[in-house]
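All remarks here apply to the structure that follows.
Proteins get letters first, then strands, A, B, ... in listed order; numbering begins at 1 in each.
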Protein chains: 2
Amino acid sequence: MKELKSSVNKTFAILEYFTIQKSEWGVTELADAIGSNKSTVYRFLADLCRLGILYKDPSTEKYSLGLKLFELGSRVQLKSAFVEKTHPELVKVASSITETVHIAILKNQRVFYVDKVESPQGLKISSHIGSSNPAYSTALGKVLLAYLPEENQSQTLSVLTQSPIAYTKHTITNGKALLKELKKIKNDGFAIDREEFELGLICIAVPIFNQNNKVIASLSASGPANRFQEKNVSKYVSTLKKGADAIQEKIGFFNP
Amino acid sequence: MKELKSSVNKTFAILEYFTIQKSEWGVTELADAIGSNKSTVYRFLADLCRLGILYKDPSTEKYSLGLKLFELGSRVQLKSAFVEKTHPELVKVASSITETVHIAILKNQRVFYVDKVESPQGLKISSHIGSSNPAYSTALGKVLLAYLPEENQSQTLSVLTQSPIAYTKHTITNGKALLKELKKIKNDGFAIDREEFELGLICIAVPIFNQNNKVIASLSASGPANRFQEKNVSKYVSTLKKGADAIQEKIGFFNP
DNA sequence: AACATCGTTTCAATATATGAAACACACAAT
DNA sequence: ATTGTGTGTTTCATATATTGAAACGATGTT
């Protein structure tokens, strides 16, 4: 633990090594990766294991993230500075577009619904704040994938297309087709989900940049197919982009 | 921090105070609740806040769980001792019933899909391991609610029915109707979701007891309405119960 | 102005963390 | 069977981080 002094910091520095890509670590290999003494790391792992934050497989003696962390994560209500700042803009967009508006972030190849504002006239949509879907399956996720740096994008795509779920017959689950779609999205500056996630549902999404011009979230409007005419798309995109720009002004360098 | 010695333990003891029911704490009130020195608690909170594990609202100066914990929670792959032990039983049930089988746990009024085995002949279902739904909306969740201790049940029900989502026209969202349904489930020993979560989808679920005879999970079979005839229900329930009994033998006193 | 309350910072004393080394165990090579 | 290698776990003297009482700063009330 070269630079970190407090045990709290050290604890979470250790947990940071447990990713989807490398979810299991032995004591010695983790200590090597961290550049720390083996017995120190062992003691952290053992404590975290007793608490259920980590799980140790008895046969391999490797550690992975445990159920307790999952449970703690499910308590998070996403009522954060980010939501406090963005929610009023969502309300504006929803009243302008008169459809359901979502804001979402990308985490571990999944798109997480961070906030949602329903329009009185809008479709009642089953998405739940805090819930998630594979990123390729919705416009919100596709936009975020489209703006990933190239190094990350191909790795993320290959994970996503390993055993994809086709939610509808329109869902894009093939790597090549998805890559082509992402290039188009990057070029257009917005994404459309044409019943790829749910039959009868159309969704248009735009990227939200922070003040570093880094894409950190996406903003969408969702409604029934019969209401999303091609001629309305540019109007909806324009409104969403106004909302995204207003959010950019508000959130500074926030990077979730 | 009266009894806990290591900082790792202390850190997670603090996080344990942040629940859905009381999600926000000021420094002083948390220190009082813990029975610990105010400045000690402040330093933990400040460190956790810098890491994004907690979020401090600038106006109220109260702390709540932050996005980083959410993100860490979403990395958990639920590949735990529990899943390792139960998965073979799920495979057996799925091949016997020839429908999709799930095992789920109840956390914060939501039912979380912990594992899923699809039968080749079974319906392709959109549920994702790690995803969740409100407990009232599925048979898996209703079973878990039905077996909650009375003290917990009414509180849980009142939270759930505050602003319920009606997934379909069949979803039970009214507190009284739900309570009546739960009594019936407790009496029958199983639950049926008759298109309450998704139109066209039927789900039968039974409780899984651990060796303390405490209900710790539920096991279900899901399929299309046209395949779940009333005359098959008792056969399905019997197979699910055999699976649940076999799981009980395997998991000992496990309590997630 | 004085007082109360909350969050934040300081610093000497103390408790916990650290790392080198030893130990225990499993497996592979000879 | 013996030796060597590698991993995870434990021990103990020393180093370092933590602790708590007290002070400080800010806000609100009387």
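Each of A:Ser7 and A:Trp25 was assigned the nucleotide of DNA chain D with the nearest heavy atom; the assignment lying further toward the 5' end belongs to A:Trp25.
In this structure, the nucleotide among C:dC6, C:dG19, D:dG20 sitting nearest to the side chain of B:Thr28 is C:dC6. Side-chain proximity of B:Glu61 to D:dG20, C:dT16, C:dT8: nearest is C:dT8.
Under a 3.5 Å cut-off, the side chain of B:Gln211 and the backbone N or O of B:Gln248 do form a donor-acceptor pair. Remark: side-chain polar atoms of B:Lys22 are paired, donor with acceptor, to backbone N or O of B:Glu24 under 3.5 angstrom.
The aromatic rings of B:Phe18 and B:Trp25 sit perpendicular to each other, their planes meeting at more than 60°, with 30° as the lower class boundary.
Residue A:Phe44 contributes atom CZ, which lies 10 Å from atom P of C:dG19 at whole-angstrom precision. Note: NZ (A:Lys56) to C1' (D:dT9) measures 9 Å, nearest angstrom. Computed from coordinates, the A:Leu45 CG to C:dT18 P distance equals 12 Å when rounded to whole Å. Going from atom CG of B:Asp32 over to atom C1' of C:dG7 covers 13 Å, rounded to whole Å. Rounded to whole Å, the distance from OH on B:Tyr42 to P on C:dG7 is 10 Å. Atom CG in A:Leu48 sits about 12 Å away from atom P in C:dA17, given to the nearest Å. Between B:Lys38 atom NZ and C:dT10 atom C1' the separation is 14 Å, expressed in whole Å. B:Asp47 places its CG atom 13 Å from the P atom of C:dT8, with the value rounded to the nearest Å.
Using a 4.0 Å heavy-atom cutoff across all strands shown, B:Ser39 reaches at least one base atom of the nucleic acid.
Put simply, A:Lys10 has a side-chain N or O that comes within less than 4.0 Å of OP1 or OP2 on C:dT18. One finds no side-chain N or O of A:Ser6 lying less than 4.0 angstrom from the OP1 or OP2 phosphate oxygen of D:dA17.
A donor atom on one side chain and an acceptor atom on the other are not found under 3.5 Å apart for B:Tyr63 and B:Asp57.
By the 4.0 Å N-to-carboxylate-O rule, B:Glu118 lies close enough to B:Lys116 to be salt-bridged with it.
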